[in-house]
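The analysis underlying the following values was restricted to heavy atoms, covering all of them including side chains, and did not include hydrogens, waters or symmetry mates.
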Amino acid sequence: MTYTGDVQVGGPADVRELPALTICKLAVGPFDNNAYLLRCARTGEAVLIDAAADSDRLLALMGDQPISIVVTTHQHGDHWQALEQVTKVTGAQVIAHPLDAPALPLPVDRAVEHGDTISFGEITLEVIHLRGHTPGSIALLYDGGEAGIHLFTGDSLFPGGVGNTQKDPERFNQLFTDVVERVFDRLPDETWVYPGHGKDATLGAERPSLPEWKARGW
């Protein structure tokens, strides 16, 4: 496997070819956001996770096969700066959690809750609500069978810890609990984690650090 997930703003996308799904990771914008283009290998239909910034680069990544859906993982502005332009050009449906949808710059076409699914082509993503970084933060789970389990976590889970909860103990406890119960307790160590910023991880690499995360409170 040549995919590493190590991308830089201004640099090329890193591409992962699974039997049924192609994953393209691109770093964009002043906050080094990750945007993920997921394309069904069979039908060519695609989803963009977080139209974060640099709409020209995102549209170029799509090429002549535009997307049908943009999923916004949470309400923070660095994750949707290109949302209006991308949807204007592609006509893509906008999806987000209802608790974060009002903060987006345009209406949401579909609101999704914990356990809902998002389908495109022959691919299905499961929505996992991870409360705490924002009220409506979501992760997206793709179970590729023999091709592994792939989890797009937005800003709720990174290598080295959960997302920022502004030192609010209640928010941290909620996010940590959700990440443990809805992610670590359910999914295997081989699960690949694609975060909203920075490098990727696996659950197995992060699992031993859970007690440390809980003790430090961030």
Side-chain angles (χ1 to χ4, degrees), residues 21 23 33-36 38 40 47-52 67-80 83 92-104 106-145 148-159 161-166 168-197 200-203 206-207 210 213-214 218:
L21 181 70
I23 301 169
N33 286 75
N34 296 325
Y36 298 94
L38 280 53
C40 174
V47 162
L48 181 66
I49 299 174
D50 285 342
I67 57 172
S68 56
I69 295 169
V70 179
V71 183
T72 301
T73 59
H74 63 288
Q75 64 177 268
H76 289 156
D78 59 313
H79 288 261
W80 50 254
L83 183 60
Q93 183 184 36
V94 178
I95 294 179
H97 192 279
L99 292 179
D100 277 14
L104 302 188
L106 70 176
V108 167
D109 298 298
R110 180 188 170 199
V112 289
E113 302 273 5
H114 181 67
D116 286 347
T117 59
I118 298 169
S119 297
F120 58 103
E122 297 180 353
I123 302 299
T124 298
L125 306 174
E126 179 188 336
V127 176
I128 300 176
H129 188 193
L130 300 173
R131 301 158 290 186
H133 180 64
T134 67
S137 289
I138 57 173
L140 300 169
L141 175 66
Y142 169 65
D143 186 345
I149 298 176
H150 303 264
L151 184 66
F152 302 86
T153 57
D155 284 1
S156 291
L157 176 62
F158 296 97
V162 298
N164 190 356
T165 51
Q166 277 76 47
D168 182 324
E170 184 175 348
R171 287 174 58 193
F172 170 78
N173 288 332
Q174 179 67 79
L175 181 55
F176 182 81
T177 298
D178 278 0
V179 165
V180 170
E181 294 180 350
R182 299 181 175 186
V183 175
F184 282 94
D185 286 354
R186 174 187 171 193
L187 301 174
D189 283 351
E190 295 76 21
T191 302
W192 196 278
V193 176
Y194 305 81
H197 305 263
D200 298 354
T202 63
L203 292 187
E206 302 304 313
R207 193 182 300 274
L210 288 173
W213 299 357
K214 184 175 182 180
W218 57 273

Item checked: Qualifying residues under ring-ring contact (aromatic ring centres under 6.0 Å, His included), relative to His197, sequence neighbours excluded ->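 Listed in chain order: His79.
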Between [X] and [Y], is there a donor-acceptor pair closer than 3.5 Å when you use the side chain of the first and the backbone of the second?
| X | Y | answer |
| --- | --- | --- |
| Tyr36 | Pro195 | yes |
| Arg171 | Gln166 | no |
| Thr177 | Gln174 | no |
| His150 | Trp192 | no |

When you compare the side chain of [Y] with that of [X], does any pair of heavy atoms fall below 4.5 Å?
| X | Y | answer |
| --- | --- | --- |
| Leu203 | Pro188 | no |
| Ile95 | Val70 | no |
| Leu141 | Arg186 | yes |
| Ile69 | Leu48 | no |
| Asp189 | Thr202 | no |

Notebook entry, point to check: Under the side-chain contact (heavy atoms from CB on, under 4.5 Å) criterion, do Asn34 and Tyr194 qualify, and how do the steps go?
Noted result: CA-CA 9 Å; Asn34 296 325; Tyr194 305 81; over 6 Å; no
Distance-minimising heavy-atom pair for [X] and [Y]:
| X | Y | answer |
| --- | --- | --- |
| Val112 | Pro98 | O-CD, 3.3 Å |
| Ala201 | Glu206 | CB-OE2, 3.8 Å |
| Ser68 | Phe120 | OG-CB, 4.5 Å |
| Val108 | Ala96 | CG1-N, 3.8 Å |
| Asp178 | His129 | OD2-O, 3.8 Å |

Which value, rounded to the nearest 0.5 Å, describes the distance between [X] atom [atom1] and [Y] atom [atom2]?
| X | Y | atom1 | atom2 | answer |
| --- | --- | --- | --- | --- |
| Leu157 | Leu130 | CG | CG | 8.0 Å |
| Ile123 | Thr117 | CD1 | OG1 | 12.5 Å |
| Phe158 | Asp200 | CZ | CG | 11.5 Å |
| His133 | Asn164 | NE2 | CG | 6.5 Å |
| Thr124 | Leu21 | OG1 | CG | 11.0 Å |
| Asn33 | Asp78 | CG | CG | 4.5 Å |

Next item on the list: Quick one: do Ile128 and Leu151 satisfy side-chain contact (heavy atoms from CB on, under 4.5 Å)? Show the steps, please.
Entry: CA-CA 10 Å; Ile128 300 176; Leu151 184 66; 4.0 Å; yes
Next item on the list: Indicate the ring-plane relationship of Phe176 and Phe172, choosing parallel, tilted or perpendicular according to the 30° and 60° boundaries.
Entry: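 The arrangement is parallel - the two ring planes meet at less than 30°.
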Check: Does a sphere of radius 6.0 Å around CH2 in Trp218 hold more than 12 heavy atoms from other residues, nucleotides or ligands, not counting ones at 6.0 Å or beyond?
Finding: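 Check fails, neighbour count at 12 or below.
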Check: Can you tell me if CD on Glu170 sees more than 12 non-hydrogen neighbours from other groups inside 6.0 Å?
Finding: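 Open: at most 12 neighbouring heavy atoms sit under 6.0 Å from CD of Glu170.
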Next item on the list: Quick one: do Ile138 and Val71 satisfy side-chain contact (heavy atoms from CB on, under 4.5 Å)? Show the steps, please.
Entry: CA-CA 10 Å; Ile138 57 173; Val71 183; 4.0 Å; yes
Margin query: I'd like to check the salt bridge (Lys or Arg N to Asp or Glu O under 4.0 Å) partners of Glu122; sequence neighbours left out, ordered by chain and number.
Written below: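 Checked Glu122 against salt bridge (Lys or Arg N to Asp or Glu O under 4.0 Å); matches are Arg42.
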Margin query: Checking Gln93 against Arg110: is there a side-chain donor and acceptor pair closer than 3.5 Å?
Written below: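 Checked: Arg110/Gln93 side chains show no N/O donor-acceptor pair below 3.5 Å.
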Checklist line | Exercise: do Thr153 and Ser156 side chains pair donor with acceptor under 3.5 Å | finding: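 Their side chains do not contain a donor-acceptor pair, so the 3.5 Å distance test is not met.
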Note to self: Consider side chain to side chain donor-acceptor pair (under 3.5 Å). Of Glu113, His74, Arg131, Gln75, which one does His97 pass it with?
What the structure shows: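 The option that passes is Glu113.
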Notebook entry, point to check: Passes side-chain contact (heavy atoms from CB on, under 4.5 Å), Thr73 versus Asp155? Steps please.
Noted result: CA-CA 8 Å; Thr73 59; Asp155 284 1; 5.9 Å; no
